[in-house]
Every structure is written in C-alpha cells, then in structure tokens.
There are 2 protein chains.
Amino acid sequence: MEEKDCRANIISATTPLFAERGLTGVGVRELTAAAGVNISMISYYFGGKNGLYAAVLSEQFAALNRVADLKTLDADPMAKFELYLRATVARYRENPYLLRIYASELTNPTPFFETIVKPAIQAVVQLLIDTFSEGFSDGRFREGLNPTDTVLALVGMINFYFLLEPVTREMVDHTAGRDEELIRHVMDIFAMGILK
Amino acid sequence: MEEKDCRANIISATTPLFAERGLTGVGVRELTAAAGVNISMISYYFGGKNGLYAAVLSEQFAALNRVADLKTLDADPMAKFELYLRATVARYRENPYLLRIYASELTNPTPFFETIVKPAIQAVVQLLIDTFSEGFSDGRFREGLNPTDTVLALVGMINFYFLLEPVTREMVDHTAGRDEELIRHVMDIFAMGILK
DNA sequence: GTCTATATTGCGATAGAC
DNA sequence: GTCTATCGCAATATAGAC
C-alpha cells in the first residue's frame with residue numbers, strides 16, 4: 001500500500017475503535033489489526049499511538065469547523081439557528097463517531113483537548129452567541145434572556161439528544177427518517193421560548 | 001483501618017480518578033496510592049479493579065435514583081419539571097464526579113453500562129415522560145408536542161450545560177452562585193416553549 | 001486485615017532484516 | 001515501506017508471610 005492510502009486507511013479504520021473505547025481503552029495491536037497493517041506502521045506514520053489519536057481527532061474536528069460557514073451567511077438569526085441544527089444533525093449522520101469522541105474528550109480529556117477540541121467547540125458557541133446578539137439588538141427576542149445560557153440551551157437540546165441514544169434507543173426512533181421532525185420540534189420549543 | 005472505613009475510603013478516594021480518566025485510564029497502583037492503602041486491598045475488598053469501578057458506579061447512580069421521589073409528589077407538571085432541574089443541579093454540586101462518569105459511560109460504555117447506568121437513566125426519562133403526559137392530557141401543553149422529544153430537550157438543556165463546562169468556563173460563570181439564574185432561565189425557555 | 005514479593009500477561013515502541 | 005522479533009516496562013492479580 002502506498003503511503004497516502006496507508007495513512008488514511010489507518011485513520012479511518014481506527015476511528016471507530018477510539019470512538020467506542022477511548023484513547024486508553026484500545027491498544028496498538030488491535031488498532032493495526034483493524035486497519036490490516038503491521039504493528040510498526042503506527043510509529044512509522046504517526047510517531048506512536050498518541051500521534052495517531054491526534055490525527056483522528058484533527059480529522060473529526062475539521063468537520064466541526066465547517067459550521068463557521070454560518071458567519072458569512074446572509075440570513076436572519078432564527079434561520080441561522082435552524083441551519084446550525086441542520087448542520088449538526090447532518091454531521092452526526094455523515095460521521096457517527098464525532099459525537100462520541102467529542103463527548104469523550106469533554107469527560108476524559110487527553111492532552112489534545114486544549115489544542116484541538118476546546119478551540120473548535122468555543123468557535124461554534126461564540127458564533128451562536130454572536131447570532132443571538134444580532135437578533136437581540138434588533139429587538140426580536142424577549143428581554144431578560146442571557147445570550148450564553150440561551151445558546152447553550154439550544155446546543156444542549158440537540159447534542160444531548162444524540163448522546164442519550166444508547167439509553168433511549170428503545171423509547172424513541174433514532175433513525176435518520178425522523179431527523180426532520182426532531183429539528184422542527186427543537187426549533188419549535190426554542191422559537192416559542194425566546195421570541196417576543 | 002477497619003473494614004467498613006477502608007472500603008468506603010477506597011471508593012471515595014478513587015472516584016475522582018475514575019471520573020477524570022475513565023476505567024481504562026487509571027491503574028490499580030495509582031488508585032491505591034490515592035486511597036493511601038496497599039495495592040492488594042482492591043482485590044481483597046472488590047475482587048479487582050473492575051469490581052471497584054462497579055462499586056463506584058453504584059454509589060454514583062444511587063444519587064440519581066433519588067429523582068424517583070418526584071413520582072410520589074403532589075404537584076402540577078411544571079412544578080415537577082422545575083423540581084427535576086433543581087434536583088439535577090443540586091446533585092451535580094454535591095457530587096462533582098457524577099456527570100463525568102455518567103457521560104463517560106454513555107460514550108465509552110463499560111460492561112456495567114447495561115446493568116447500572118442504562119436502567120437508572122431510563123427511569124428518570126420515563127418519569128419525566130409520565131409527568132409530561134399528565135400535563136398534556138390536562139390540556140396544559142401545546143398540541144403537536146412529542147412527549148419524548150420534549151422531555152429530552154429539557155434533560156439536554158440542563159445536562160449539556162454542565163458537560164460543556166470545560167469549554168465554556170471562560171465564557172460563563174459556572175459557580176453555584178449563578179445556579180438559581182440558570183434554573184430560572186432554562187425553565188423560562190422551556191415553559192414558554194411548551195405551554196399553551 | 002494488611003503487608004511484600006512475585007507471577008503472568010499485556011502494553012507501546014523500535015532495531016534491524018528484507 | 002513493511003516485516004519479524006524483541007526490549008523494557010507497567011499492568012492486574014495473588015500467594016504467602018505476619
């Protein structure tokens with residue numbers, strides 16, 4: 001296998017293992033077996049298990065950075081919030097491992113939390129706060145709302161819904177077919193909750 | 001140290017380590033060093049590291065089971081939702097490690113997820129769904145609301161707020177002094193979002 | 001009940017052959 | 001660039017002394 005393919009192949013084959021068991025929960029032998037490569041390839045391409053994990057993390061959070069496209073968009077704040085919801089749901093569908101790695105870094109941070117994870121999430125939250133402030137100064141939202149709390153409420157509704165999937169699997173339909181209903185439902189509560 | 005004290009001491013001293021680094025992220029040497037006991041005490045009292053972790057998990061989720069008190073309470077649904085919020089916030093203040101272990105089990109489940117974690121969370125969610133249904137059949141809530149989605153929105157707003165603390169620490173005051181404002185804010189959005 | 005000492009296994013990393 | 005073989009270390013667990 002040539003270099004570029006091999007590197008990418010190792011990353012994609014090991015992402016599910018890191019997502020399900022964490023950095024410390026999986027060993028290099030299992031990682032390389034899943035990728036179908038020799039054990040020494042991890043050191044060769046990534047300088048070690050931690051280096052491979054950092055590469056996995058970078059790839060995952062690159063997807064999150066695309067939310068920044070909202071900034072350049074010319075739309076009113078509520079439409080932007082809805083686009084955020086849609087982008088979030090779409091991202092979790094395209095990439096079923098992102099949320100696990102995301103939440104795993106929040107609860108059991110590795111050395112890469114500060115450099116890769118935290119800045120990426122902060123950028124999204126800040127973008128949403130700016131969006132809220134825009135609508136607030138236009139007088140669209142109720143008085144007395146705290147921008148950060150409001151934004152974190154929206155972020156929490158959608159993310160925790162997916163995070164709880166292992167627990168609520170038997171209580172609610174988690175297939176993509178219901179995504180549209182979910183988005184509408186969250187937007188519904190949020191809009192009624194904050195609009196004048 | 002006598003038996004009962006020693007057992008309890010090991011559990012309380014190792015809970016922070018398990019919470020911050022996960023079951024696989026910490027070794028028995030470090031665990032026993034933190035508790036100030038000999039390495040063999042883990043096998044003696046708990047039959048091994050996994051047994052200790054299970055004991056830690058049981059203790060943590062016992063706190064969660066106290067939410068079931070809501071069931072016997074004679075109050076209207078919105079008051080019950082507010083009590084759920086208050087109980088949740090109080091629980092995370094009393095026990096700063098519960099949420100991390102909780103979320104860690106959601107993302108990187110151990111063998112104890114199915115037996116200890118999942119049933120405890122399901123009971124809380126089901127209780128809130130029943131509370132919602134009660135208010136819905138009394139005609140208090142807007143038509144078109146899905147009970148499960150609505151309840152998960154509430155659960156997500158409060159839990160994800162705390163989960164994001166490592167990221168939002170510099171953006172928002174996370175001290176207990178602001179808890180009352182947070183609860184009021186979440187209840188505000190939720191009530192406006194679902195009431196007729 | 002608590003200790004030391006050790007058995008056993010698995011880990012991550014790499015030297016060196018090809 | 002990819003392999004085998006192995007090094008050095010840390011892991012969990014426990015036997016057996018006290």
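Computed from a predicted structure; not experimentally measured. Atom set for the values below is all heavy atoms of this structure, side chains included, hydrogens, waters and symmetry mates excluded.
We find that OH of A/Y53 is positioned 15 Å from P of C/dA13, with the value rounded to whole Å. Here D/dG1 presents its P atom at 4 Å from OH of A/Y44, a figure rounded to the nearest Å. When rounded to the nearest whole Å, the span between CZ of A/F46 and P of D/dG1 equals 13 Å. The distance from atom CG of B/L52 to atom C1' of D/dT12 is 13 Å, rounded to the nearest whole Å. As rounded to whole Å, 13 Å separates atom C1' of C/dC11 from atom CD of A/E30. Here the C1' atom of nucleotide D/dA13 and the CE atom of B/M41 are 13 Å apart, to the nearest Å. For the pair B/L31 CG and D/dA11 P, the interatomic distance rounds to 10 Å; values are reported in whole Å.
Separation of the B/Y92 and B/F162 ring centroids falls under the 6.0 Å cut-off.
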Side chains of residues 123-130 of chain A: which donor-acceptor pairs under 3.5 Å do they make with residues two or more places apart or in other chains?
{"from": "A/Q126", "atom 1": "NE2", "to": "A/D130", "atom 2": "OD1", "distance (Å)": "3.1"}

Side-chain atoms of residues 189-196 of chain A: list all donor-acceptor pairs with protein atoms under 3.5 Å, sequence neighbours left out, distances to 0.1 Å.
{"from": "A/K196", "atom 1": "NZ", "to": "A/G139", "atom 2": "O", "distance (Å)": "3.4"}

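With C/dA13, D/dT14, D/dT2 as the candidates, the nucleotide lying closest to the side chain of B/S43 is D/dT14.
Side chain of A/K49 to backbone of A/L23: a donor-acceptor contact under 3.5 angstrom is found.
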Steps toward ring-ring contact (aromatic ring centres under 6.0 Å, His included) verdict (A/F18, A/Y53): CA-CA 8 Å; A/F18 280 128; A/Y53 180 76; 5.1 Å; yes
Criterion side chain to side chain contact (heavy atoms under 4.5 Å, CB included) on A/I10 and A/T32, from CA distance to verdict: CA-CA 7 Å; A/I10 294 174; A/T32 48; over 6 Å; no
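The salt bridge (charged side-chain N to carboxylate O under 4.0 Å, His left out) check on A/R91 picks up nothing, with sequence neighbours excluded. Considering only residues two or more places apart in sequence or on other chains, B/F160 meets the ring pair (Phe, Tyr, Trp, His ring centres under 6.0 Å) condition with none of them.
Within residues 14-24 of chain A, no residue has a heavy atom under 4.0 Å from DNA chain D.
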Listed pairs, N/O of protein and of nucleotides 4-9 of chain C, under 3.5 Å:
{"from": "C/dT4", "atom 1": "OP2", "to": "B/N38", "atom 2": "ND2", "distance (Å)": "3.2"}

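Atom CG of A/L182 sits about 9.0 Å away from atom CG of B/N146, to the nearest 0.5 Å.
Checking the phosphate oxygens (OP1, OP2) of C/dT2, a side-chain nitrogen or oxygen of B/Y45 falls inside 4.0 Å.
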